[in-house]
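Report on one structure; see the data block that follows.
Atoms considered below: every heavy atom in the structure, side chains included; atoms not considered: hydrogens, waters and symmetry mates. Numbering of ligands and ligand atoms starts at 1, following listing order.
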Amino acid sequence: MKKLIIANWKLNPSTLKDAQALAASISVKAKNKVVLCPPTIYLSNIQYPNIGAQDCFWQEKGAFTGQVSALQLKDLKIKYCIIGHSERRAVGDTDEMVNAKAKALLAQNIIPVICIGFGTTVEHDDLEVTDILKSQLDVDLAGVDKSKVIVAYEPVWAIGTGKNATSEHVEKISIFIKTKYGVPIVLYGGSANAANAKEFLEQQNVGGLLVGGASLNATDFNKIINL
Ligand code: 13P
C-alpha cells in the first residue's frame, strides 16, 4: 500500500538555487506519495507535485508582522502544512496555538500535519508516552474534524540525533492515535533514514514518515520514497 513520505527541509538549504536543485532531483514517480516542505521563503519557487509549508499563523490577515497565513498558503496551491513541530514548540508554540492553526488550515482546505511528541523522553514507557500525547492531542484536536488531519509522532529525543524509536513502539502509538482520535494517517518522524525506513513502512498502522535530515540528501530520500 502507498505510504505518505513528507520531507521537512527545516531551515535548509541556504539558497533558492540549491533548493530548486534538490527538488528537481527528487523522483516525481515514486512508489509512495511524496510531499516536499521547503522553507517558507522558497514556497512559490519550488516545482514539485505536492508542496507543503512548515508552519502558518492562525489569523488570515492584518497587523501580524512576519507571519504567513493559511489563506496565503492556499493562494500558492500549498496542500499540506506542518504545525506543532517540536522545534516550534521549543520557541513557544502551545497546543492552543496548534489548535488555532489546524482550524485556520482546514478552513482553506489545507491538510494540517500535526506534530506531537514534545516532552517525551527515551525513558518513558508506552503508557507514559500515550499520556503525554493525549494531553497534546486533546487540545490540538479540540473542535477539529479529525478525519481531515494527519498526525506525526515525533519523539523529541529521536529528532536529529541518529537514535530512532523502534518500529514496534511506533506501531503501538499509531494504533492508539488512530483508535482514540479517529485520525486516518499517523506518520513517524525522528532520525528516519534510508537504512531504517523500511521497518517503519512495513508496520500496518504507520502511514508513512516525516523525514528531516535524510530528506536533504536526494540519493537517500529517493531510496526512502521508493521502498
Ligand atoms: P530528523 O529526520 O532529522 O531526525 O528530523 C525529524 C523531523 O523533525 C521531521 O520533522
Give every pair made of an N or O atom of ligand 1 and a protein N or O atom lying under 3.5 Å apart, one pair per line with both atom names and the distance to 0.1 Å, or write 'none'.
{"unit_1": "ligand 1", "atom_1": "2 (O)", "unit_2": "G212", "atom_2": "N", "d": "2.9"}
{"unit_1": "ligand 1", "atom_1": "3 (O)", "unit_2": "G213", "atom_2": "N", "d": "2.8"}
{"unit_1": "ligand 1", "atom_1": "4 (O)", "unit_2": "G160", "atom_2": "N", "d": "2.6"}
{"unit_1": "ligand 1", "atom_1": "4 (O)", "unit_2": "S191", "atom_2": "N", "d": "2.8"}
{"unit_1": "ligand 1", "atom_1": "5 (O)", "unit_2": "K10", "atom_2": "NZ", "d": "3.2"}
{"unit_1": "ligand 1", "atom_1": "8 (O)", "unit_2": "K10", "atom_2": "NZ", "d": "2.8"}
{"unit_1": "ligand 1", "atom_1": "8 (O)", "unit_2": "H85", "atom_2": "NE2", "d": "2.7"}
{"unit_1": "ligand 1", "atom_1": "8 (O)", "unit_2": "E154", "atom_2": "OE1", "d": "3.4"}
{"unit_1": "ligand 1", "atom_1": "10 (O)", "unit_2": "N8", "atom_2": "ND2", "d": "3.0"}
{"unit_1": "ligand 1", "atom_1": "10 (O)", "unit_2": "H85", "atom_2": "NE2", "d": "2.9"}
{"unit_1": "ligand 1", "atom_1": "10 (O)", "unit_2": "E154", "atom_2": "OE1", "d": "3.2"}
{"unit_1": "ligand 1", "atom_1": "10 (O)", "unit_2": "E154", "atom_2": "OE2", "d": "2.9"}

query: Hey, are R89 and D140 close enough for a salt bridge, meaning a charged N less than 4.0 Å from a carboxylate O?
result: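 Salt bridge between R89 and D140, a charged N being under 4.0 Å from a carboxylate O: yes.
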field: I41 atom CD1, neighbour heavy-atom count above 12 within 6.0 Å
entry: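 No, because the 6.0 Å sphere around CD1 of I41 holds 12 heavy atoms or fewer from other groups.
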- prompt: F64 vs F57 aromatic rings, parallel, tilted or perpendicular, using cut-offs 30° and 60°?
  reply: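 The rings of F64 and F57 sit tilted, inter-plane angle from 30° to 60°.
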task: Quick one: do K178 and N205 satisfy side chain to side chain donor-acceptor pair (under 3.5 Å)? Show the steps, please.
output: CA-CA 8 Å; K178 286 171 75 173; N205 292 284; 3.1 Å; yes
message: For the residue pair Y188 / H169, report whether a side-chain donor-acceptor contact shorter than 3.5 Å exists.
response: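 Looking only at side-chain atoms, Y188 and H169 do not form any donor-acceptor pair under 3.5 Å.
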message: According to side-chain hydrogen bond (donor to acceptor under 3.5 Å, both in side chains), who are the partners of Q54, at least two apart in sequence or on a separate chain?
response: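 Residues passing side-chain hydrogen bond (donor to acceptor under 3.5 Å, both in side chains) with Q54: none at all.
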